[in-house]
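For this chain, numbers begin at 1 and follow the sequence in order. Here the structure is a predicted model, which means the values were calculated and not measured.
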Amino acid sequence: MSRHVATSKKSVWIALAVALVIQTGLISVQARRHIDTSFVRVWILDTLAPIEKLVDRSLQSVSFVWNRYFALIGVYDENQRLKHEVDLLRIQIEKEKEDVHEAQRLRAFLSLQDSSIGKTVVARVIGRDPARTQTVTIDKGAAHGVKPDSAVITPAGIVGRVIHSSHFFSIVQLIVDSQSAVGVVLETTRRQGIVRGTGGRDLDLDYIDDDNDLKEGDIFLTSGLDRIYPKGLPVGVIKSIGPRRGLLKTVQIRPSADLGRLEEVICIIERPQTVDVADPQGVPNP
C-alpha cells in the first residue's frame, strides 16, 4: 500500500515537472518564432492553477493553525501568570487590611494602657478549651507578671479573670462562666449590684439595691468592690427585663466585650494604690 502511494506521488511530481518544462519551452519558442501557443498555455494554466491554489490554501491553513496554536499557548501562559499575580495581590490586600485592623485594636489598647487602671501587659488569645467554652488561653504567664485573679479586659469591656497561670501561659475564666461573679454599678442611678455568668452568651443580674427603675439599654460598670476589676469599666448592657423571680426581676445582660471574637486582651498585673474600692457607706475595706 505504501509503495503504491509513493509511486503515485512520484508520478504527480514527474507530471508537474514535465508540464513546467513544456511551458518553458513553449514560451521560448514563442519568443523566437512568434508561434501561437496560447491554447497550450491555457490548458497548462487550467491544469496547474487549481493545484497551485490547493497547495497555497493548504499552506495558509497550516500556517494559520500553527501560528494560532503557539499564540494560544502564549496567551494561556500569560493568563496563568496574571492570575497568579492577582491572587498574590488579593492575599497582600487582605493581609494589609488585617494589619490595619490589628493596628487599630492595638492603638485602642495603648490608649487604655495609658489610663489609670494600673500596670498592664497585652496578651494574645491562643486557644479555647473545647470542654469549657467559657475559658480561653493566653500567651502570657507568671514570667510576665500575670497571676491568678489578674483582671483581663479589652477597650470594649471586661473579659474575665485569670484562674490558672504557668510560667508563660494562663487560663482566663470569662465573665459568662457560671462560676463567675462581678460587682457592678448602674451607670445612670449608681445603684450597686452583682451579675453572674449563665454559661451561655449573657449575664444574669444576681442582686441590686432596687430594680424598679431598670430599663433596657442601661449600662452596668464595674464597681471595684470585688477587688479584681478596677472601678468604672464597661461590663454589659441590659438586654431584656422579665417578670420577678423571687425578690428580683429577671434581667439579662449582654457583655460589652465580644467574648466570641477575642484576639488580643489586656491583663492588669498591678493595680494602682489610689483605686477607690471603698464601700458605698464610706467604711474602708480592711
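L259 has its side chain within reach of I175: a pair of non-hydrogen atoms, C-beta onward, lies under 4.5 Å apart. Residues T137 and S170 fail the side-chain proximity criterion, which asks for heavy atoms closer than 4.5 Å. A 4.5 Å side-chain heavy-atom check between T222 and V184 finds every atom pair outside the cut-off. Counting only heavy atoms from C-beta outward, the side chains of V235 and L203 approach each other to under 4.5 Å. Taking 4.5 Å as the limit, some side-chain heavy atom of I126 sits within range of a side-chain heavy atom of F169. Looking at heavy atoms from C-beta onward, D204 lies out of side-chain contact with V195 at the 4.5 angstrom threshold. By the 4.5 Å heavy-atom criterion applied to side chains, L225 and Q192 are counted as neighbours. Side-chain contact between V152 and I266 is absent, with no heavy atoms from C-beta onward closer than 4.5 Å.
With rounding to the nearest 0.5 angstrom, the CZ atom of F168 is 14.0 Å from the CD1 atom of I138. Note that CD1 of I158 is 5.0 Å distant from OH of Y229, once rounded to the nearest 0.5 Å. Atom CZ in F220 sits 4.5 Å away from atom CD1 in I253 (nearest 0.5 Å). K119 NZ to C267 SG: the interatomic distance, rounded to the nearest 0.5 Å, is 13.0 Å. Taken to the nearest 0.5 Å, the CG atom of L205 stands 9.5 Å off from the OG1 atom of T250.
Residues T154 and E264 come closest through the heavy atom pair CG2-O, 4.0 Å. Contact between P255 and V176 at its shortest, heavy atoms only, is CG-CG1, 3.8 Å. Here the shortest heavy-atom pairing between D258 and L262 reads O-CD2, 3.6 Å.
In terms of the side-chain hydrogen bond (donor to acceptor under 3.5 Å, both in side chains) criterion, S150 has no residue partners (sequence neighbours excluded). Under the rule for a side-chain hydrogen bond (donor to acceptor under 3.5 Å, both in side chains), the partners of S240 that lie at least two apart in sequence or sit in another chain are Q252. In this view, A142 and S165 satisfy the side chain to side chain contact (heavy atoms under 4.5 Å, CB included) rule, not counting sequence neighbours.
Contacts classified as salt bridge (charged side-chain N to carboxylate O under 4.0 Å, His left out) and involving residues 212-226 (residues at least two apart or in different chains) are given here: R191-D213, K215-D218. Applying the salt bridge (charged side-chain N to carboxylate O under 4.0 Å, His left out) test to residues at least two apart or on different chains, none of the pairs has a partner in residues 137-146. Listed by first then second residue, pairs satisfying side chain to side chain donor-acceptor pair (under 3.5 Å) with a partner in residues 193-202 read R196-D206, D202-K239, D202-R254, not counting sequence neighbours.
A chain of hydrophobic side-chain contacts below 4.5 Å, direct or via other Ile, Leu, Val, Met, Phe, Trp or Tyr residues, connects L214 to L248. V121 is connected to V125 through a chain of hydrophobic side-chain contacts under 4.5 Å among Ile, Leu, Val, Met, Phe, Trp and Tyr, so both are in one cluster. Residues V265 and I269 share a hydrophobic cluster, clusters being chains of Ile/Leu/Val/Met/Phe/Trp/Tyr side chains in contact below 4.5 Å. The same ILVMFWY cluster, assembled from side-chain heavy atoms under 4.5 Å apart, contains both V172 and V122. Linking ILVMFWY side-chain heavy atoms closer than 4.5 Å, directly or via other members, places V182 and V185 in two distinct hydrophobic clusters.
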Item to check | Stepwise side chain to side chain contact (heavy atoms under 4.5 Å, CB included) check, L233 with I153 | outcome: CA-CA 9 Å; L233 299 178; I153 64 175; 3.9 Å; yes
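Of the listed residues (Q134, R161, Q179), just one forms a side-chain hydrogen bond (donor to acceptor under 3.5 Å, both in side chains) with Q173, and that residue is R161.
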